Structures are given as structure tokens and as C-alpha cells.
Amino acid sequence: MMPTLDFIRPTSTTEVLDVLDRHGQEAAILAGGTDLIPGLRQKAARFSGVKMLVDISAIEELRQIRYSDNGMSIGTAVTFSEILGNDLLSEYYPLLVKAAVNLGSVQIRNRATIGGNFINNAPCADSVPPLLVYEASVIIQSKRGEKTVPLSDFLSSPYQTRLEPDELVLHTLLPPVSEGFNGEFYKLGRRRGVAISRITLAVLLRNNSGKVGDIRLAAGAVTPVGIRFTDLENDFRGRDIIPRELKQMSRELGKRILQETGLRWSTAYKLPVTQQIFYQILSSLANSGG
Amino acid sequence: MGSKSIKFILNGKDVSVKTLLHRRLLDVIREDFGLTGTKEGCGIGECGACTVLLNGKAVNACLVLAGQIEGAEIMTVEHLAKDGQLNKLQQRFLEKGAVQCGFCTPGMLMSATALLMHKPSPTREEIQDDIAGNLCRCTGYKQIIEAIYETAYGRKKNSSE
């Protein structure tokens, strides 16, 4: 059964901010509802204080994908179907689009929103590793003002973010990606379609005449929240792109993930798979020119 | 709190209903309008039995709330047959043995309808991807995929490759 809730459907962000200012503690923002609605019906602890739903799916300004000199901005209520259908995103941020392809089903992608995906902050949120390697930031508004927070800081712990009760995420900004990167997004689920991710990896690599010119690396599902490994990236820069080095880098990624998660029942399976996948991605990116 | 009146288009007709806004579209369709073709399976958006079209897009009616459909256009499986006559897609489902227990069929038909509206000539691969959100525990899917494929291309082009 759905608990009894107040429901409002504002038509402007100003209206949303007014409501959040007064009722932020007991209000939940609703967009696609693919996490929130089952969560409420199953009485998930994290939604236990919710007494009011604020539906933002009718607010046009939160549903825009815009291109500017600062990069691409994606409104918080943009659905994954809309991301899939956007040519500019496909061209400039292909890893995000690749993550969207295998996210849920058609029905889920037609409703689920990018903001919902990372604000819910499940460890397995598919959009997070690509957004992290693209250095996404989150534009947040409240009646107190507007601020921009890097996504990596915004995601604090599983199902928790730094969003305050009176705040609304307006959009996500993806800055321009410098030239020469090749990238890959990988998702492992228990089956091909409509699967919760067990492992996700997003990798951008710049091959500088046989050496790692630059690299960006993020993982999801194998870590408590999606995480970018900037320390590893620093270590990896300048290394020779030869099988022996790539294998060594994969082992280091495995060690780093273990540090992050500790041993789990699934470690025996996930760790070697993650290492092997990372090795394959590096090998194929190294060979795809650029 | 309390009930409010919402207006939307249901199967081509303007309708209005007084309801609590946090009720699910699935319950509004089944209980308030008596359209029980739309089934409830899992209730968490994984099985697709409650698939309806919302502004021409396939969605799980268990994951949409009444308050979110003000002014929207909803199509349910009841809209497919006209004057007691099954449409081409429904007929193909019967001919191909794509219906066994029938519980997934309404949702499957609506996913297929959305697919064929947006992509009249899908590949088999595209059909598989687009019905990935609709579980069927009887058929093994092959007959369903064939039924959709033959609806798109007609019977002449024999589909057994």
C-alpha cells in the first residue's frame, strides 16, 4: 500500500523552492518515480519521513538539454530516453549515452531521470561513473542562493548526498572534454537486459605515442558509491601502454577497490572480473588510435 | 490532502476523475475506469504487465502517480481493438501462439504498439530490446517476437530465416 501523502505539482522552480523552504524536511522531490514510488510502497527506511511529494516533471526548465561554451547542461528531470535521443550528447559524451542504453527497460528509461539516478545515489547508479569521468558538477538552488558542487563531492555515501532539505538540483553541467580521449563504459549485470549493475566502469584514455598521456577512471557498484580514482590516474600517467604495464594497472585497480569496499562475499567473483575488464578496456582503447 | 479532480485523455476520450493524487495510474485505470486489461505483476517496474502509453511512450502504470497525468494522453490495451475487431498486432499474437496464460499480453501489446508507432520497421534485435521490460514466463518470447515482426513486415515476407 502507498502511504497517504500530500501531492503537489508546481510549474516553476520558484514554487518548488518555496515549498522546500517550508516543508523540506518532509517533502520528497518526485520526477520519474522509478526509485521513489516502489521505495515508498515498500516502506524503505530512507523515505520514512516523507509526507509530501513535489512532482517536478512538469517544469519545462528542468527538462532541457542545453549546449553552451561551458559544456552541456542536462536538466535534472531529463529522462534517459531523452539522453539517448540527443545527438550532441552522443557525440561529446558517448559514455553517458552508452550507460543510458542499458539502463532499465524502455519503460524505465521513458520515466527515470538523470537527476533521480545520482540523487538517489544507489551504489549501482549507471550514470554516475560516466558523469564522474566527464567531471560533472551539480547546480543546486535554494532560497538561500545557488551553488555549484562537483558530483564527486555531492555523492557522500550510499543513498546519501550533500543535498540539503531546502535545496533543489537544477541541472548537471558537463564541461567540454579535451581532445584526444578515447573512452569506454562497461556494465556487467546478471543478465543482458533490465539488470541491476554488479560492476560498472568508465574509462577515458589518451594514448600519447605509446604512453598513458592522460587517463580518467571511475567505477560503480563494486564500490559503496560511484567513485573516481584520481590517485590511480596520477600513478598511471606516463606508463608504457604494453600488456605487462596494463596488467599491472589492472592489479592496482583491484587493490584500490578492495581498500574502498573491504572483503565481501562477492569479492572472489567481482574482483578478477573487474581487473580483466579493465585490462580489456585499456587494451582496446590503446589500439583504437588517437 | 484529500481528493482532487484530474483531467486527462484516456483511450481517445476526455475524462476526469476525482482521486487522491498519490494513487498509482495503474489503480486509477483499473478501479476508477474498470479497465482491467492492464495487469499488475510486480508493482516495482520490472515485469511490464502494467505497460500503458503515456503521451505515446511506453511506461509502467505502477510507477506513475495520478497527479502526474493531468492533461496527458493515456492509451491502454482496450484501445487496440475497434468495434469488437482485434487489430493486426493482436491477430498476429493469436496466430503465432504468442499468448499462453495471457497475463503479460496486454503489456507486451502496448510495448509493441509503442515500438511500431516510433519505428514501423524494426529489426528482430530492436524488437527484443524494446520488449526487454516485459516478462513472459510461458512462451519463451520467440512467438511474441515473430508476431511483432510479422505485424511490421506483413505475412508475405516469411520470417523464418
Side-chain angles (χ1 to χ4, degrees), chain A residues 1-11 26-28 30-42 44 47 50-59 63 77 79-82 84-85 100-113 116 189-196, chain B residues 1-4 6 19-27 40-72 107-108 110-115 118-119 122 125-135 141:
Chain A
M1 266 293 286
M2 196 82 173
T4 301
L5 298 166
D6 237 338
F7 183 105
I8 55 167
R9 196 182 204 210
T11 50
E26 55 192 31
L30 169 69
T34 54
D35 285 312
L36 182 58
I37 295 171
L40 286 167
R41 294 188 76 237
Q42 293 168 342
F47 301 131
V50 175
K51 295 195 173 62
M52 173 193 276
L53 297 177
V54 183
D55 177 25
I56 58 166
S57 62
I59 301 175
R63 309 199 46 157
T79 67
F80 284 100
S81 292
E82 288 159 353
L84 277 180
V101 171
N102 285 314
L103 187 145
S105 58
V106 171
Q107 292 96 316
I108 297 293
R109 293 193 290 272
N110 281 340
R111 298 294 292 169
T113 63
R190 285 195 180 155
R191 53 180 180 263
R192 202 167 65 89
V194 203
I196 306 286
Chain B
M1 234 166 284
S3 295
K4 294 221 169 74
I6 53 165
T19 176
L20 293 168
L21 296 182
H22 68 277
R23 279 175 76 222
R24 302 176 305 172
L25 172 60
L26 173 62
D27 301 321
E40 173 160 17
C42 66
I44 54 171
E46 287 187 1
C47 78
C50 66
T51 303
V52 300
L53 303 198
L54 167 61
N55 296 331
K57 290 180 177 158
V59 302
N60 294 306
C62 71
L63 297 183
V64 179
L65 300 185
Q68 298 187 287
I69 58 163
E70 175 73 45
M108 207 59 96
M110 296 318 286
S111 280
T113 300
L115 168 64
H118 300 121
K119 201 172 285 175
E125 173 102 319
E126 285 168 337
I127 294 172
Q128 285 175 22
D129 284 345
D130 269 53
I131 63 168
N134 294 82
L135 300 185
Y141 301 103

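Letters go in sequence order (proteins before strands), and every chain restarts at 1. Quick caveat: nothing in here was measured; it's all calculated off a predicted structure.
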Requested in this report: Identify the heavy atoms of B/G56 and B/A114 that sit nearest to each other, and give their distance.
Outcome: O-CB, 4.3 Å

Report summary line: Ranking B/G67, B/G45, B/A66, B/G43 by heavy-atom pairs under 4.5 Å to chain A gives rank one to B/G67

Query raised in the report: Between atom CD1 of B/I131 and atom CE of B/M108, what is the distance when rounded to the nearest 0.5 Å?
Result: 5.0 Å

Query raised in the report: Does any heavy atom of chain A fall under 4.5 Å from the side chain of B/D27, the backbone, both, or neither of them?
Result: neither

Query raised in the report: Which heavy atom in A/D35 sits nearest to a heavy atom in A/G116, and how many Å separate them?
Result: OD2-O, 4.3 Å

Query raised in the report: Which one of B/E70, B/K57, B/Q68 has the most heavy-atom pairs closer than 4.5 Å to chain A?
Result: B/Q68

Requested in this report: With a 4.5 Å cut-off on heavy-atom pairs, point out which of B/L54, B/L65, B/D130 contacts chain A the most.
Outcome: B/L65

Query raised in the report: Side chain, backbone, both or neither: which part of B/C42 has a heavy atom under 4.5 Å from chain A?
Result: neither

Requested in this report: Scan B/T51, B/I44, B/L26, B/L25 and name whichever one has a side-chain contact (heavy atoms from CB on, under 4.5 Å) with B/N60.
Outcome: B/T51

Requested in this report: Specify which of A/L53, A/L30, A/T34 makes the most heavy-atom pairs with chain B at under 4.5 Å.
Outcome: A/L30

**Report entry** B/R24 versus chain A, the contacting section by heavy-atom distance below 4.5 Å
**Finding:** side chain

Query - Region of A/A112 that comes under 4.5 Å of a non-hydrogen atom in chain B - result: neither

Query raised in the report: Got a second to check how far A/F80's CZ is from A/N110's CG, nearest 0.5 Å?
Result: 12.5 Å

Query raised in the report: Less than 4.5 Å apart, any side-chain heavy atom of B/L20 and any of B/S3?
Result: yes

